[in-house]
Every structure is written in structure tokens, then in C-alpha cells.
S.K.: 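Below you will find the structure I want to go over with you.
Just so you know, residue 1 is the first one in the sequence shown, and it goes up from there.
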Amino acid sequence: VKILEENIMEKYTTYENKPNKRVCIHKLPCNEVRKYGGLGQGLYKDFYTLEEAEIYAKSLNYRIDYCSKCNTTNYGK
């Protein structure tokens with residue numbers, strides 16, 4: 001039953017772009033996530049809730065963006 005519950009839960013990921021001090025929050029699945037095989041200037045981190053992702057993103061003190069491609073429900077606004 002736990003496996004089924006995890007499959008229906010929404011999940012989120014953050015992408016940290018350290019050189020530019022920006023973090024983007026994505027709702028999974030999103031075609032923009034790991035678009036180039038996860039290679040690049042940043043780091044991905046997964047979360048079970050939007051709140052967890054936002055708390056983490058705020059802790060970085062970076063500019064926070066919300067992906068426009070997977071943001072169909074205007075989360076975070």
C-alpha cells in the first residue's frame with residue numbers, strides 16, 4: 001500500500017544553479033528536469049511536498065524561480 005501512496009503523491013525537485021545564485025522549483029514529472037542528463041552547473045534535490053522544496057530553496061538565500069513549463073496550477077503564487 002505504501003508504494004501506491006507514494007505514486008499518487010505529488011513530488012517536487014529543486015535545481016540549484018550555484019554560479020548564478022538561483023534555484024528553480026519543479027513539479028515532477030517535468031521535461032526540464034535533468035534535461036541534459038543532470039549535467040551542468042547545479043544540483044538537483046527531491047522533495048515530497050512543495051512546502052519542503054520552498055523551505056529548502058529559501059535556506060539557500062538564492063533567487064527562487066518556479067518552472068513555467070510544469071507550473072500548470074500556479075503553485076507557489
Side-chain angles (χ1 to χ4, degrees):
V1 175
K2 187 173 185 179
I3 294 170
L4 292 175
E5 289 173 3
E6 286 181 2
N7 287 338
I8 19 184
M9 289 179 60
E10 292 181 341
K11 293 183 183 174
Y12 299 85
T13 194
T14 55
Y15 175 73
E16 299 169 44
N17 185 315
K18 292 182 181 193
N20 295 319
K21 298 191 181 206
R22 295 174 71 160
V23 60
C24 186
I25 298 175
H26 297 269
K27 184 176 180 180
L28 297 176
C30 176
N31 290 335
E32 295 298 307
V33 172
R34 294 174 181 86
K35 190 173 186 175
Y36 302 105
L39 303 173
Q41 303 178 47
L43 169 72
Y44 286 99
K45 190 167 175 91
D46 294 332
F47 300 91
Y48 286 105
T49 67
L50 174 60
E51 182 181 18
E52 289 174 344
E54 287 178 319
I55 289 170
Y56 178 76
K58 289 175 186 173
S59 77
L60 297 173
N61 291 318
Y62 290 174
R63 174 181 160 177
I64 300 172
D65 296 317
Y66 294 86
C67 178
S68 61
K69 305 246 172 150
C70 60
N71 182 6
T72 57
T73 59
N74 293 318
Y75 61 89
K77 297 191 177 188

S.K.: Flag the pair H26 / C24 as yes when at least one side-chain heavy-atom distance between them is below 4.5 Å, and no otherwise.
M.R.: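 Contact flag for H26/C24 side chains = yes.
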S.K.: Tell me, with the steps shown, if K11 and D46 meet salt bridge (Lys or Arg N to Asp or Glu O under 4.0 Å).
M.R.: CA-CA 7 Å; K11 293 183 183 174; D46 294 332; over 6 Å; no
S.K.: Within this structure, what is the CD1-CZ distance for the pair I64 and R22, rounded to the nearest 0.5 Å?
M.R.: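 So the CD1 of I64 and the CZ of R22 are separated by 12.0 Å.
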S.K.: Does a donor on one side chain and an acceptor on the other come within less than 3.5 Å for E16 and Y56?
M.R.: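 Yes, Y56 and E16 have a side-chain donor paired with an acceptor closer than 3.5 Å.
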S.K.: If you apply the rule ring-ring contact (aromatic ring centres under 6.0 Å, His included), what do you find for Y15 with Y44, and how did you get there?
M.R.: CA-CA 5 Å; Y15 175 73; Y44 286 99; 4.8 Å; yes
S.K.: Under a 3.5 Å threshold, yes or no: a donor from one side chain and an acceptor from the other, between Y66 and E54?
M.R.: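 Indeed, the side chains of Y66 and E54 share at least one donor-acceptor pair under 3.5 Å.
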S.K.: What are the two closest non-hydrogen atoms of F47 and T14, and how far apart are they?
M.R.: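 Of all heavy-atom pairs spanning F47 and T14, the closest is CE1-OG1, 3.5 Å.
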S.K.: Is any side-chain heavy atom of L60 closer than 4.5 Å to a side-chain heavy atom of K58?
M.R.: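 They are not in contact (no side-chain heavy atoms under 4.5 Å apart), so the answer is no.
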S.K.: Quick one: closest heavy-atom pair of E32 and C67, and the distance?
M.R.: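 So the minimum-distance heavy-atom pair works out to CG-SG, 4.2 Å.
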S.K.: How far apart are the closest heavy atoms of I25 and A57, and which atoms are they?
M.R.: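 Looking at all heavy atoms of both residues, the shortest contact is CD1-CB, 4.2 Å.
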S.K.: Could you state the interatomic distance from SG (C30) to OH (Y12), rounded to the nearest 0.5 Å?
M.R.: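 One gets 12.0 Å once the value is rounded to the nearest 0.5 Å.
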S.K.: What's the shortest heavy-atom distance between T13 and K45, and which atoms?
M.R.: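 Answer, listing the atom of T13 first, then K45: OG1-O, 2.9 Å.
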S.K.: Determine whether V23 and N17 make a side-chain contact, defined as any pair of heavy atoms from C-beta on separated by less than 4.5 Å.
M.R.: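 Side-chain contact under 4.5 Å: no.
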